[in-house]
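Shown next, in structure tokens, is the structure this report addresses.
On a predicted model such as this, the values are computed, not experimentally measured, just so you know. Below, read A as the first sequence line, B as the second, and so on, with proteins coming before strands; counting in each chain starts at 1.
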Protein chains: 2
Amino acid sequence: MAVNTSGRTTAVDRAYSALLAEIQTGALPAGAVLAEVEQSARLGISRTPLREALVRLAAEGFVVQQSPRVTVVAGIDEKDIRSLFELRRGLEELAVRAAAERGDAAVFTALAESFSAAATANPGLADPAAHAGYYALISAYDAAVGDAIRNDYLASALRTVHTHLVRVRQLAKDNPERLVVSAGEHALIAGAIAEGDAALAAHATHVHLHNALISILSSIAGSSQTSTEGTP
Amino acid sequence: MAVNTSGRTTAVDRAYSALLAEIQTGALPAGAVLAEVEQSARLGISRTPLREALVRLAAEGFVVQQSPRVTVVAGIDEKDIRSLFELRRGLEELAVRAAAERGDAAVFTALAESFSAAATANPGLADPAAHAGYYALISAYDAAVGDAIRNDYLASALRTVHTHLVRVRQLAKDNPERLVVSAGEHALIAGAIAEGDAALAAHATHVHLHNALISILSSIAGSSQTSTEGTP
DNA sequence: GCCATGCCTTATGTATACACTCAAGCACCC
DNA sequence: GGGTGCTTGAGTGTATACATAAGGCATGGC
């Protein structure tokens, strides 16, 4: 029984990653039935590793038992998104406070500069080709916070939230204007962390998440499943 | 693949529950090696359900991979306890705020009265026989908060924290004076929720958790593994 | 037409056998 | 004595066969 810590990729890991990616992208939509025989054949493995992957996905909330015989992809409606953002806000405010107290100022100074550059570049985030780079920058920010907080329990809880969040982003429509504004918001947060201002970092995070939620919900209300990129 | 939702108890569930209980009580201490062949024989099941139970325990942070071949019970030292309490504080303050806004005042009024009675009874919590009833009251409070918040993601995160907390309590020494004080603290929190005072509920929770952490840490520093009951 | 009961099929739960890999021990060389 | 390489046994990863139970369908009765 090995959660993968070496370079070797097991069938369990491959199945888990494949199913998670399909759930996040919407290829496996909310309510989709995951039957063992069908899924193991589709993924080219036996039922045993498939079952182990499903146990892990269930523990993380991505799949649920509809009945003793039916496992389905967990739902993600507006209420779920609001609930996820409520938890996200609690955890991220806690995390940026901790990062402001314990983090390496130089790392967050550099991140703040990168976010400022992303917010002011021309054409910058108006060009869809720049979005992948921007999401990589957000991932780098999340990783830096995760390192700075020095709290494995909190880091794990954040990872779960962020993994669910990928799915939410897929539901929302691309919105370049929002991306530009969010880059500015991120620059402010990273700057506050760099200066050790925990209160400013937490409040700026609150503002950022509120704006992100509004943007996502209006995008979803405006269209019933146009999924390209999300709006963080 | 079924997380148990019917009355039937599977071998996976039995193994998961048995191992979790042993980890929580310290019967399986931090660092204990969990070898599949040995554990499946000990629990009287085959390796397949044992592996599934271990996947779930790993996802929840109770066991970790020490190497590709060695699964061990996760550690829980002072740093871990501080980290757990930091996350606990973030989540529980979020939860009591939500409960104050969304909960049924009558439920929390009754809980506040029960906590007050526990704090003032004579001999009450000075008598060890009363402790099980008190912990049942705390479980009832936790369940009421979990129902009141109407946020599955947050409820799930709280459940994980509380499951880890059982283990911490086992490490700490019984402290009847602390129990009496904590009953008063709980009465104040439940009362604030009942009155819809989210800020008071959150701050009282912060005070309560700070006192609980101090009590636990001093208990652990005073003795290196006297495990009877904890001190919430 | 609706409801209850029984039977059969299929999906899940589990045991077991086989394949693969890790790590410990031993032998040899410098 | 220390380092390196090889071998072997044991532990994990997976496939498959068997056991069990859930659910759907058909039939009969009211």
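- For the pair A/Arg167 and A/Glu60, the salt-bridge criterion is not met [side-chain N within less than 4.0 Å of a carboxylate O].
- The interatomic distance linking A/Leu43 (CG) with D/dG13 (P) rounds to 19 Å, in whole Å.
- In this structure, A/Phe62 has its ring center closer than 6.0 angstrom to the ring center of A/His164.
- Remark on DNA chain D: of its neighbouring residues B/Ala35 and A/Pro49, the 5'-side contact belongs to B/Ala35, judged by nearest-heavy-atom nucleotide.
- The base of C/dT21 sits with one of its N or O atoms less than 3.5 Å from a complementary donor or acceptor on the side chain of B/Arg69.
- Taking only side-chain nitrogens and oxygens, A/Ser67 never comes nearer than 4.0 Å to OP1 or OP2 of D/dA22.
- Taking atom CG of residue A/Leu50 and atom P of nucleotide C/dG13, one finds them 12 Å apart after rounding to whole Å.
- The CD atom of B/Gln66 sits 13 Å away from the C1' atom of C/dA23 (whole-angstrom rounding).
- The side chain of A/Ser46 sits closest to D/dT16 out of D/dA22, C/dT16, D/dT16.
- Between B/Glu36 atom CD and C/dC22 atom C1' the separation is 14 Å, expressed in whole Å.
- Rounded to an integer number of Å, the gap from CZ of A/Arg14 to P of D/dT14 is 7 Å.
- You'll find a donor-acceptor pair under 3.5 Å spanning the side chain of B/Arg47 and the base of D/dG13, going by distance alone.
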Handout entry: From CA spacing to verdict: salt bridge (Lys or Arg N to Asp or Glu O under 4.0 Å), A/Arg82, A/Glu86
Key = CA-CA 6 Å; A/Arg82 286 184 185 277; A/Glu86 185 177 43; over 6 Å; no

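- Protein atom CD of B/Glu38 is 10 Å distant from nucleotide atom P of D/dT12, rounded to whole Å.
- Looking at residues two or more places apart in sequence or on another chain, you find a salt bridge (charged side-chain N to carboxylate O under 4.0 Å, His left out) between A/Glu22 and A/Arg42.
- Side-chain atoms of A/Val12 lie closest to D/dT14 of the nucleotides D/dT14, C/dT12, C/dT14.
- Residue A/Thr10 places no side-chain N or O under 4.0 Å from the OP1 or OP2 atom of D/dT12.
- In summary, B/Glu93 and B/Arg89 engage in a salt bridge, as defined by a charged side-chain N under 4.0 Å from a carboxylate O.
- Straight-line distance from the CD atom of A/Gln65 to the C1' atom of C/dA11: 12 Å, rounded to whole Å.
- Computed from coordinates, the A/Asp13 CG to D/dT12 C1' distance equals 13 Å when rounded to whole Å.
- Set against D/dT12, C/dT12, D/dA15, the side chain of B/Val37 has D/dT12 as its closest nucleotide.
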